[in-house]
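Inspection log for the structure reproduced underneath, given as structure tokens.
Just so you know, ligand 1 is whichever comes first in the structure, and atom 1 is the first atom listed for that ligand.
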Amino acid sequence: MADYYETLGVSRDADAEQIKKAYRKLAMKYHPDRNQGSADAEARFKEISAAYEVLKDPQQRAAYDRYGEQGLRGGGAGPFGGGFDLHDAIEIFMRDFGGAGGFEDLFGGGARAQRRGGGRRKGESVRVRLPLTLKEVVTGATKRLRVAVLDPCSDCDGTGAAEGSTPTTCGQCGGSGQERVAQRSVFGQFVSVTTCRACGGEGTTIRTPCGTCHGEGRVRVQREVEVEVPAGVSSENFITLRGKGNAGSRGGPSGDIMVLLEVEDDPRFTRQDNHLITDLPITFCQAALGDEVEVETVTGKARVAVPAGTQSGQALRLRGEGIPDLNGRGRGDLLIRVRVWTPTELSREQEELFRRLRDVEDDAPTQVEEAGERKGFWSRVKEAFTTG
Ligand SMILES: [Zn+2]
Ligand SMILES: [Zn+2]
């Protein structure tokens, strides 16, 4: 396929406005409505729409500039991700240029397009948020949720028609769900096929709507669902409950419930992949002499040995006290960052002992940290500046 820039006839440094203008001009020329089903025009229209779709998006454009079409296919997000057809091309044009002129219904886009074919329509998916504690992430959890969804109306069996009446074939479109209308547009006057306005594409109309659902055939209910949350999830994960979302219309399949997981922050722990990091303040004496201390884990407490001579910032590791791997490949660790705590108020006795210790202790070495570690220090300082 030709270069996208050549396809649109713009230079490689064209700005967004120039790209839009160039596409609009070409789209007016090759739009299927102006070319009486010419296959050549259709092909050109698809080409320019694909080029426009990529170049109008700064990220896609950058990927294309760098890697060509390979960059787009790889990401799966480009217009070639899954069979780019004429319908997609028309939708792109309608989306960016169709709004103002009352174009929306010209070809029937998006949800309306799904109605074609007898009014059976898949129900919408419903999104719901599920807050989780870190403990639930570690142990896994079974959660019950109440979700507002649309169910088929039981009073009319989902038909939308009042008892004793049945939906009748739409007089406007004769049941096809489509009508041919003459429209004025930027192309001039032409006839197009559009979703029937009388029945909304259903092909049938309801004379006496059901009083319960007002003809919609669906009613809002609170659905209680159970969600099995496996151990090891993160806020990037979601769980799909297939077929538990809104009921379809006219017996169409139900949509899904998408459970978006939101792991609450636990100030005690920072997650790094499947490892958890926590801080452990200890005293000079514990650091110098060694000790065994209790630390909090996500699920309880554990004892950890602090070896004699532990430095501030040194990490201790409790194996397997992190987060289980989502795919069952083991568990992360709990990394305990030791912070030697300096007392700020000394009793007379403590001060006396410290002074005696000072008289006999060795001086600190002149160098304790590697240059690389000091960079880590800088990023921590910067973080402290920006957060506090
Ligand atoms: Zn109709
Ligand atoms: Zn009803």
- Which protein N, O or S atoms sit under 2.8 Å from the Zn ion (ligand 1)?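 Only C170 SG, C173 SG, C196 SG, C199 SG fall inside 2.8 Å of the Zn ion (ligand 1).
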Got [X] and [Y] here, is their nearest side-chain heavy-atom distance under 4.5 Å?
| X | Y | result |
| --- | --- | --- |
| K143 | L132 | yes |
| V138 | R331 | yes |
| T142 | E226 | yes |

- Message: I'd like to verify the contacts: list protein N, O or S atoms under a distance of 2.8 Å from the Zn ion (ligand 2).
- Response: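 The answer, once waters are left aside, is C153 SG, C156 SG, C210 SG, C213 SG.
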- Query: Any idea how F93 and F45 line up, ring-wise: parallel (<30°), tilted (30 to 60°), or perpendicular (>60°)?
  - Reply: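 Judged by the thresholds at 30° and 60°, the geometry between F93 and F45 is perpendicular.
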- In the hydrophobic cluster built from side-chain contacts under 4.5 Å, what are the other members alongside L335?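 Under the 4.5 Å side-chain rule, L335 groups with I277.
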- Task: Just do the side-chain contact (heavy atoms from CB on, under 4.5 Å) check on L260 and R127 with the steps written out, would you?
- Result: CA-CA 7 Å; L260 310 177; R127 286 157 173 255; 3.9 Å; yes
- Item | Residues S11 and D13: side-chain donor-acceptor under 3.5 angstrom |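 Result is yes, a qualifying pair exists.
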- Task: Identify, with sequence neighbours excluded, every residue that meets ring pair (Phe, Tyr, Trp, His ring centres under 6.0 Å) alongside F284.
- Result: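 Only F354 meet the ring pair (Phe, Tyr, Trp, His ring centres under 6.0 Å) criterion with F284.
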- Task: Output the distance between atom OG1 (T344) and atom CH2 (W341), rounded to the nearest 0.5 Å.
- Result: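 Reported value, rounded in 0.5 Å steps: 6.0 Å.
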